[in-house]
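Right, one structure below, let's go through it.
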Amino acid sequence: MEMKNNKDMHEHSNSSDMMHENHSKRAEHNKHEHDEHAEHDHSSPVEDEEISMWKKKLFWAWLFGVPVLILMFIARVFGIEVVSDTFVIILFLILGFPVVFVFGWSTIKGGFRGLFTFYFNMDSLIALGTTIAYLTGVGALLGVVQDYSGVAAAIMAIFVTGKYIESVARGRATREIMKLLELGAKKARILRNMGGKNEVEVEVDISEVQIGDIILVRPGEKIPTDGIVVRGESAVDESMVTGESMPIDKRKGSNVIGATINQDGILYVEANKIGSDTFLAHIIKLVEEAQSTKIPIQKLADKVTSYFVPAVLVLSVLTFLGWMVFNGDLSKALTSAIAVLVIACPCALGLAVPIALTVGSGMGAKKGILIRKGEAIQTMKEVRILVFDKTGTITKGKPEVVSVHSLVKEIYMLEIAASIEKLSEHPLSRAIVNKASQDGVKRFKEVKNFKVLRGRGVEGTIGKNKVIIGNTSLMNERRISVMEVENKVEEFEKLGYTTIVVSENSKVLGIIGIADALKDDSVEAINLLNSGGYRTVMITGDNERTARAIANAVGIKEVLANVLPEEKAKKVEELQKLGEGLVAFVGDGINDAPALKQANVGIAMGTGTDIAIEAGDIVLARGSLLGAVQAINLSKATFKKIRQNLFWAFAYNTLAIPLAVAGLLHPIIAEAAMALSSISVITNANLLRRKRI
Amino acid sequence: MKKAMMVIHGMHCASCASNIERSLKKIPGVRSASVSLIMKKGSVEFDESNSAGVTEDEIRNAVKRAGYEAKSITFS
């Protein structure tokens, strides 16, 4: 896997190098564009800016902080008085001042503003803790209290360090998502017609590309936007967008996706989607939206977080008062109160859920699994029943006529059937029309009174003859006897063919067997799910026998046959009512929208270059069933991390706070533990990457 | 229902995010607000029926009130 990623990255940089090269040639009169290009090399400006800010603070804070720590250490452990007490206190106050109030100024400022405006945040706790500790130094000079001013500098230095490590780790967590945002090409080379046959190649900014422009894509380059190949042949690496690892062959008429990489041939692509309509733009939108949805478990964490800071402030005051009342030692009361302030930051708690979600959805995006609703991750673990739509999900969705049995002249029957079916957009209709064309039907007859009988067939009149084409139940409904072809129908259905009866004036002309090949990895995917203990169910409009044959071929045990498209959602609901566990529906998102919504988790197949955004909770950019298996594994792994993170964050707080209240936790140790807890939560989330999905 | 997205600067802890959410929700007409600490982004959904609607300034001020800075606010 790693190897592959490296390869991807290599190719990316290759292509962008190429662009660069082209660029520098024009750099002189194109300075502005060049700048723009250079800008996009930064991964995430906000994140980078933050990392370098904390890094600077970290350096300076420790430059002054280390001498403070050394002095404290010597004084405490060895009890050696190198210099007089008063001198040490003054030294602490001098060294500590820049650490707390200069390098930590943004924290102090934000914290106190928070306190005064009642927008308490974690800075409020640190600001209060360090300021009080610092003031003990002043108090000590007046002989009121023991000196803890050194502690202030140490707390701030550790705090800054924690923030630095956290920002680096967080940058890593968002790596995949950031990469996705930068995936799009910045430039396109389009052909401009200069009159007659004179075509000129012009390099333009991606935003200037119009629908209908012909784009030239050389080997190794990124395809700038979605379009159709009009000339040339090549293989295209689509892995960065769909997760499909094998390059896809493209020739005239093939759809190509923007941001994918042309491998070995020159392609001329006619742009058909630009800007926010492209496949990549849709993927980015999905992933970004998911980042701002909240999963149920997070609402709990958020609630706790929002009450946490005020509660800690109160607790800290109570700790101080408690010690003063029962012990009377002002110094002890102050250090305990400070320890409570600095340890009880809800940071780890607040990060626990979103950070795991970010890593998880980033991993998914890389594999073409787009988690639209974070909630699906939590729901997935309860799913026991998986319902699959047949056409386009288990099968390729490209039905072909594989067998014809005719009682009249075959070409006559095909001509009649195709003339009527030509008016329908249904895939089965198209299969029949294709077959007729292949067999030499050139002219289609005029059809009147055409009607689609949803889920059953079509009807119309040709000349004076009434033609009804559809499944056997439609024939029964219309009282058309299928006696003559009954055996043949059974034979077709046992082979898994969808069988269409053609009738003219209530008399059967013959039957057409249509088969839709299984997708390459459907069998493997269903096997994995079956052995994982899931109840797998196939749902289809086909009749029992046909459905059963296909279900057997793919390994699905249960079949819901003869289901009209509009009944799919109801069937899902019935399964939900069994109470055996939650139900996930896997469908192609075009006619399955109600079922996808009804299911507890809707997994929509993005087929080809189209993505049905509104349909599912999880969208698979590549229409493969193995993607569904990966989506399930990823959801479960991510949720496990979320739970682990929440457990540690909660456990840490419930354990540490009582210790701090009891005065058993030195403020410096408390701050170190606080920083570690946030870092460990992020690190744990990053470990999710090790999971194979 | 309209939506505004923004990039938020200066956020570094979970309570920051929930403070900003709280402040954004106080803008009249705002139905929901959601801030992602990790992506440093925020979004608000609001009613269009409200004649005034929600302005860029209102959003900027709400974020500022909580102690942070909103940039590149876009409406959709």
Side-chain angles (χ1 to χ4, degrees), chain A residues 44-47 49-50 53-54 106-107 109-111 113-114 117-126 163 166-167 170-171 173-174 177-178 276 287-294 301-309 345-355 357-359 649 678 682 685, chain B residues 1-48 54 56-76:
Chain A
S44 146
V46 185
E47 201 77 41
E49 191 187 298
E50 204 186 312
M53 175 193 82
W54 288 116
S106 64
T107 310
K109 191 179 73 174
R113 185 169 49 200
T117 56
F118 290 93
Y119 281 105
F120 304 117
N121 57 34
M122 138 178 154
D123 288 351
S124 311
L125 301 176
I126 300 296
K163 282 288 148 193
E166 210 183 296
S167 59
R170 217 157 49 190
T174 54
I177 293 181
M178 289 304 169
S276 60
V287 172
E288 283 199 322
E289 271 178 0
Q291 293 302 313
S292 63
T293 63
K294 299 225 156 136
D302 276 359
K303 196 130 226 155
V304 176
T305 312
S306 66
Y307 290 115
F308 218 83
V309 178
C345 168
C347 233
L349 208 53
L351 277 172
V353 181
I355 199 79
L357 213 54
T358 301
V359 176
S678 299
I682 303 180
Chain B
M1 203 63 142
K2 281 192 80 176
K3 205 171 171 188
M5 303 276 280
M6 72 210 81
V7 178
I8 296 170
H9 287 250
M11 228 186 348
H12 55 262
C13 71
S15 37
C16 301
S18 60
N19 278 340
I20 298 171
E21 280 175 15
R22 191 155 61 103
S23 184
L24 284 170
K25 277 178 194 159
K26 283 185 187 158
I27 305 174
V30 166
R31 279 268 195 88
S32 69
S34 158
V35 173
S36 160
L37 164 67
I38 292 149
M39 302 304 290
K40 315 271 183 217
K41 276 187 181 158
S43 67
V44 284
E45 286 185 330
F46 54 91
D47 278 332
E48 268 174 299
V54 172
E56 203 173 316
D57 278 346
E58 279 179 296
I59 292 174
R60 207 186 303 280
N61 287 336
V63 174
K64 203 174 169 194
R65 190 163 60 218
Y68 310 89
E69 194 188 349
K71 281 187 182 166
S72 32
I73 303 171
T74 53
F75 289 87
S76 61

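All chains are named by letter (A, B, ...) in the order of the sequence lines, taking the proteins before the strands, and each is independently numbered beginning at 1.
Heavy atoms of A/Phe308 lying under 4.5 Å from chain B are absent altogether. Looking at A/Lys109, there are no atoms closer than 4.5 Å to chain B (heavy atoms on both sides), in backbone or side chain.
A pairwise comparison of heavy atoms in B/Ile38 and A/Ile355 identifies CD1-N, 3.2 Å as the closest pair.
A 4.5 Å side-chain heavy-atom check between A/Arg170 and B/Lys40 finds at least one atom pair inside the cut-off. Two residues are said to be in side-chain contact when any heavy atoms from C-beta on lie closer than 4.5 Å; B/Tyr68 and B/Val35 fail this criterion.
Note: B/Ser23 leads B/Ser18, B/Ala17, B/Ser23 in heavy-atom pairs under 4.5 Å with chain A. The greatest number of non-hydrogen atom pairs below 4.5 Å with chain B, out of A/Leu349, A/Leu357, A/Asp123, A/Ile177, is found for A/Asp123. Of all the listed residues (B/Arg22, B/Lys41, B/Glu21), the one sharing the greatest number of non-hydrogen pairs under 4.5 Å with chain A is B/Arg22.
The 12-atom threshold is exceeded at NZ of B/Lys26, counting heavy atoms of other residues, nucleotides or ligands nearer than 6.0 Å.
If you take CG on B/Asp57 and NZ on B/Lys64, they are separated by 10.5 Å, rounding to the nearest 0.5 Å.
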